[in-house]
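Down below is the structure, laid out as structure tokens.
A, B, ... follow the sequence lines: proteins, then strands. Residue 1 opens every chain.
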Number of protein chains: 2
Amino acid sequence: MSPAVSGLTDHLGYLLRLVSNHVSYAFARRLEAKNVTVAEWTFVRMLYDEEPVSPSALAKTMGLTRGAITKLADRLIAKGFVARKSDQKDRRAQTLRLTAKGERVVPELAAMADENDAQWFGGLSRSERDALKRLLRDMVARFAMTSMPID
Amino acid sequence: MSPAVSGLTDHLGYLLRLVSNHVSYAFARRLEAKNVTVAEWTFVRMLYDEEPVSPSALAKTMGLTRGAITKLADRLIAKGFVARKSDQKDRRAQTLRLTAKGERVVPELAAMADENDAQWFGGLSRSERDALKRLLRDMVARFAMTSMPID
DNA sequence: TATTGTTATACTCTATAACTATA
DNA sequence: TATAGTTATAGAGTATAACAATA
């Protein structure tokens with residue numbers, strides 16, 4: 001007989017959040033060594049693949065408002081990782097791109113993300129990791145999780 | 001050959017956070033119908049199992065400071081779900097317990113958590129859900145994830 | 001009128017640390 | 001001195017909405 005009132009750890013949602021928060025918190029501590037936040041890492045990693053990109057497009061992808069992107073971009077420009085360029089065709093618009101310094105730092109940050117994954121998921125077997133990754137990617141696709149809701 | 005620079009969705013940490021944030025965000029929207037936050041749900045669910053409990057003990061379990069617990073407790077008392085009682089032996093100490101109203105609301109909130117889990121994980125097979133739950137619980141045990149790092 | 005990006009303001013959540021009362 | 005709980009203050013992160021420039 002199952003308990004009348006389900007407990008916190010009976011829910012996959014709670015277990016997922018418990019583990020996810022630990023993993024992300026540890027990753028944030030790693031990134032601190034480079035004076036970079038998790039949001040900033042996501043920002044520059046997205047630019048690494050498809051620059052130049054408009055602030056509006058980035059806002060949609062990251063699940064933030066345009067105002068929040070402005071402030072994130074300001075910080076990354078101050079750190080020398082990102083540059084703004086005005087669009088020639090539409091003078092209201094801008095594009096954001098990585099600087100040479102930004103291009104250099106992204107692989108370093110990616111390596112830190114690899115290390116963090118190894119720390120937390122290295123204890124799983126290869127097949128367990130693959131199954132978990134496939135399951136999560138299926139959910140991402142099924143529910144069209146394109147942008148990241150705020151932590 | 002693997003890519004030179006790992007991408008966001010190559011990391012289990014990122015996928016976990018993406019899914020976890022969607023699930024938790026949706027749960028928070030559900031709880032809004034009862035004017036309850038996720039932290040408040042966690043608080044009352046913990047009291048449901050082991051009341052009375054001291055604010056200090058709850059702070060450790062929830063991974064918050066004592067000051068944060070004071071404010072959470074204030075809110076839950078204002079909502080009529082929780083009551084403070086002063087300890088007879090040690091007059092510095094207190095215990096927190098659920099009111100009758102609090103005892104009634106916990107099963108309703110637990111049902112909402114069940115529904116949220118069904119919404120997000122109901123598409124998985126029984127064996128997939130069991131495997132995921134076992135894997136997450138193993139990680140919780142292995143890394144001694146007793147308290148919840150801040151979202 | 002609508003859109004792009006910026007800015008001013010406010011809100012939520014939390015930590016830090018000073019504080020009161022008690023041990 | 002140390003501990004339990006409270007409170008004042010500040011900080012980070014974000015949203016909302018008003019704004020200027022351009023379409």
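- Summarising the geometry, the separation between CG on A:D151 and C1' on D:dA15 is reported as 15 Å, rounded to the nearest angstrom.
- Atom CG of A:D74 and atom C1' of D:dT14 are 15 Å apart (whole Å).
- Residues A:E40 and A:F81 form no side-chain contact, since every pair of their non-hydrogen atoms from C-beta on lies 4.5 Å or further apart.
- Cation-pi check for B:R29 over B:Y25 is met; the charged atom lies under 6.0 angstrom from the ring centroid and within 45 degrees of its normal.
- Taking atom CD1 of A:I150 as the reference point, atom P of D:dA12 lies 18 Å away to the nearest angstrom.
- Each of C:dC13, D:dT14, C:dT6 was ranked by its minimum atom distance to the side chain of A:K71; first place goes to D:dT14.
- A distance of 6.0 Å or more separates the ring centres of A:F27 and A:W120.
- Distances shorter than 4.0 Å separate none of the side-chain N or O atoms of A:T70 from OP1 or OP2 on C:dT7.
- When rounded to the nearest whole Å, the span between CG of A:L64 and C1' of D:dG13 equals 10 Å.
- A distance-only check finds no donor-acceptor pair linking the side chain of B:D151 to the backbone of A:D151 [under 3.5 Å].
- Looking at B:P55 and B:R66, their side chains never come closer than 4.5 Å, going by heavy atoms from C-beta outward.
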For nucleotides 16-23 of chain D, just jot down a letter per nucleotide in 5' to 3' order: B, S or -, based on protein non-hydrogen atoms under 4.0 Å.
B----BBS

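- The side chain of A:S54 has C:dG5 as its nearest neighbour among C:dT6, C:dG5, D:dG13.
- Atom pair B:D87:CG and C:dA23:C1' shows a separation of 12 Å (rounding to whole Å applied).
- Atom CD of A:Q94 and atom P of C:dT3 are 18 Å apart (whole Å).
- Residue B:L76 contributes atom CG, which lies 12 Å from atom P of C:dC13 at whole-angstrom precision.
- Between B:R142 and A:L124 there is a side-chain heavy-atom pair separated by less than 4.5 Å.
- At distances below 3.5 Å, at least one donor-acceptor pair connects side-chain atoms of A:K101 with backbone N or O atoms of A:K79.
- If you take CG of B:N21 and C1' of D:dT14, they are 14 Å apart, rounded to a whole angstrom.
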